[in-house]
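Working notes, beginning with the structure itself.
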Amino acid sequence: MLIHKNFVGGNICIQKRDIHNFYLNSELRDSAEEWFYWAFCVENAAEQSITFHFPAIRLGYFGPAVSHDLKEWKWLGKGDDENAFTYTFERNENKVYFAHSMLYHPDRFYGFANKNGLKILELCKSPKGRSVPYIMFGEGKRVILLTARHHCCESSGSYVLEGVLEGFLKRAVPDTRVICIPFVDFDGVVDGDQGKLRLPHDHNRDYIPNAESIYPEVKAIRKIADGGILYGFDFHSPWHFHAQNDTVFIIQKEKSKSSEYAKFGSIFENSITESALQYKKSNDIPPGEDWNSPKTDCFSVYMNGIAKAKLAFTLETTYFGTAENIFTQENSVELGRCFADAVRKYDTMSE
């Protein structure tokens, strides 16, 4: 039997093992504080029953996400031990992937772009020399800027972003181009880093006014934004779980735009379909409340302030949800379609 991290997004540390037990932990790499992302593959374990043990706060409510191809994911289900899970490999199960949450492979985005006739463009070269992808479509003087994976482990936001793109492709916002950077921390996505709290600062703390960005991706995004944008939306995942982290919510940064946040939140909530991961504007975090500092040098502060966007914010999408509102690949994409619908309605009402 082989357990490894040799795939896009892989991250695992084997601390010890015995015959039917593995004791594992996530790799922090260059994250400054404790974080919880992990993903590994098991090969050649057919007809064996193995228990995988973790430290606290590594498994969600529904056990690990499980896949056989890094494309389709399901929740294994919660076991008796909240910090361990047991998996019995069937006779033909020679390769199985397990992860903290449902991964979003870059190949899925490339396939989405190809299916919809979108050309993959190069934003820049990453620090490790990879070609960082982005897409652009639509016509008009106005720009909607969409980003995800400033924190590379936050894959739930990628599913929502895909639905947003699908919604805009199906029904465009008039006189508007869409520019989308799906993997801001592209190296981190490929390598399987945490990304959050990366030293000396992470990608979403690289929007420091009057200072050059240390990441080429953020530098390129700032250049686009400085050319003028109408809206800027950034898609994230929150902390591991519990309370607000089990929901979908908007982080409001600009106090002067409180009425606009409220307007959009109402439109968005009323646009949610039954098949979507549910959103309620009552879960949104106003500026200055809880951990939400309006002075953070992040994407939405930059877009509202320096880039002068009409509206910009981060949408946080839970990794797991709750038993009544559980995260799936399908309902998170549908959430994105609802978001695109809400943007169109908001734009019409704001004219």
Side-chain angles (χ1 to χ4, degrees), residues 140-148 150-151 157 160-161 164 168 173-181 184 201-211 213 218-219 221-239 244-245 247-272 279-317 338-351:
K141 298 178 181 179
R142 311 186 311 167
V143 172
I144 297 177
L145 179 59
L146 305 174
T147 58
H150 275 87
H151 302 136
V160 181
L161 175 59
V164 175
F168 285 150
V173 178
D175 191 32
T176 304
R177 290 178 294 130
V178 174
I179 300 175
C180 173
I181 297 90
V184 177
H201 61 246
D202 66 43
H203 288 64
N204 203 36
R205 297 297 180 269
D206 200 30
Y207 292 87
I208 303 169
N210 302 316
S213 294
V218 177
K219 184 177 180 180
I221 291 169
R222 290 171 67 168
K223 184 176 181 180
I224 292 170
D226 291 346
I229 64 168
L230 178 65
Y231 303 123
F233 303 120
D234 190 23
F235 297 88
H236 283 246
S237 311
W239 190 68
Q244 199 158 33
N245 301 292
T247 70
V248 177
F249 59 96
I250 291 170
I251 302 175
Q252 304 171 0
K253 286 292 185 183
E254 183 63 48
K255 193 171 184 179
S256 66
K257 296 186 178 181
S258 294
S259 62
E260 296 303 311
Y261 292 132
K263 181 193 296 184
F264 183 87
S266 294
I267 295 170
F268 187 23
E269 183 172 341
N270 290 330
S271 299
I272 297 295
Y279 159 83
K280 296 185 182 299
K281 75 170 186 175
S282 59
N283 291 316
D284 295 350
I285 304 182
E289 290 194 12
D290 201 356
W291 47 265
N292 181 21
S293 170
K295 297 181 180 180
T296 306
D297 294 321
C298 65
F299 172 92
S300 57
V301 169
Y302 188 93
M303 298 305 151
N304 278 312
I306 295 175
K308 307 298 182 184
K310 179 179 178 62
L311 187 66
F313 58 74
T314 291
L315 182 74
E316 300 273 3
T317 299
C338 297
F339 185 92
D341 187 43
V343 172
R344 284 192 299 268
K345 292 174 180 175
Y346 172 84
D347 186 64
T348 300
M349 291 176 62
S350 299
E351 290 179 349

* Asked: Is there a donor in the side chain of Asp202 and an acceptor in the side chain of His151, or the other way round, less than 3.5 Å apart?
  -> yes
* Are Asp284 and Tyr279 linked by a side-chain donor-acceptor pair shorter than 3.5 Å? -> yes
* To do: Taking the side chain as every heavy atom from C-beta outward, state whether Val248 and Asn283 have any atom pair closer than 4.5 Å.
  => no
* For the residue pair Tyr207 and His150, is the inter-centroid distance of their aromatic rings smaller than 6.0 Å? -> yes
* Structure fact -> One should read off an interatomic distance between Ser266 OG and Lys345 NZ, to the nearest 0.5 angstrom, of 12.0 Å
* Nearest heavy atoms of Pro238 and Glu316, plus distance in Å -> N-OE1, 3.0 Å
* **Between SG on residue Cys298 and CZ on residue Phe313, distance to nearest 0.5 Å** => 13.0 Å
* Asked: If you look at every heavy atom in Arg205 and Ile208, which pair is closest and at what distance?
  -> O-CG1, 3.7 Å
* Determine whether Ile250 and Leu315 make a side-chain contact, defined as any pair of heavy atoms from C-beta on separated by less than 4.5 Å. => yes
* When rounded to the nearest 0.5 angstrom, what is the spacing between NE2 in His203 and OG1 in Thr147? -> 12.0 Å
* Is a donor on one side and an acceptor on the other found under 3.5 Å between the side chain of Thr317 and the backbone of Gly157? -> no
* Quick one: are Pro294 and Lys255 in side-chain contact, heavy atoms under 4.5 Å? -> no
* For the residue pair Arg222 and Asn210, what are the closest heavy atoms and their distance? -> NH2-N, 4.5 Å
* Structure fact -> From the list Leu145, Asp234, Asp226, side-chain contact (heavy atoms from CB on, under 4.5 Å) partner of Ile221 resolves to Leu145
* Mind checking whether Phe299 and Phe235 have ring centres under 6.0 Å apart? -> no
* Check: Val343 main-chain N/O paired with Asp347 side-chain donor or acceptor under 3.5 Å -> no
* Asp297 side chain to Pro209 main-chain N or O, any donor-acceptor pair under 3.5 Å? -> no
* Structure fact -> Heavy atoms of Pro174 and Arg142 approach each other most closely as O-NH2, 3.0 Å
* Is Arg177 reaching over with its side chain to a backbone N or O of Gly140, donor-acceptor style, under 3.5 angstrom? -> yes
* To do: May I ask you to decide if Asp206's main-chain N or O and Tyr302's side chain share a donor-acceptor pair within less than 3.5 Å?
  => no
* Asked: Do Asn304 and Lys253 have side-chain atoms, one donor and one acceptor, less than 3.5 Å apart?
  -> no
* Asked: Are the side chain of Asn292 and the backbone of Ile285 linked by a donor-acceptor contact shorter than 3.5 Å?
  -> yes
* Distance in Å, Tyr346 OH paired with Ile267 CD1, rounded so as to fall on 0.5 Å steps -> 7.5 Å
* Is there side-chain contact between Lys281 and Phe268, with at least one heavy-atom pair below 4.5 Å? -> no
* Working to the nearest 0.5 Å, report the span between OG of Ser282 and CD of Gln244. => 9.0 Å
* Asked: Is there a donor-acceptor pair under 3.5 Å between the side chain of Lys257 and the backbone N or O of Lys310?
  -> yes
* Would you check if Thr176 and Tyr231 make a side-chain contact, meaning some heavy-atom pair closer than 4.5 Å? => no
* **Check: Trp239 main-chain N/O paired with Asn245 side-chain donor or acceptor under 3.5 Å** => yes
* Asked: Would Phe233 and Phe339 count as a close aromatic pair, with their ring centres under 6.0 Å?
  -> yes
* Structure fact -> So NZ of Lys223 and OG of Ser213: to nearest 0.5 Å the spacing works out to 13.0 Å
* Considering only heavy atoms from C-beta outward, does the side chain of Ile251 approach that of Trp291 to under 4.5 Å? -> yes
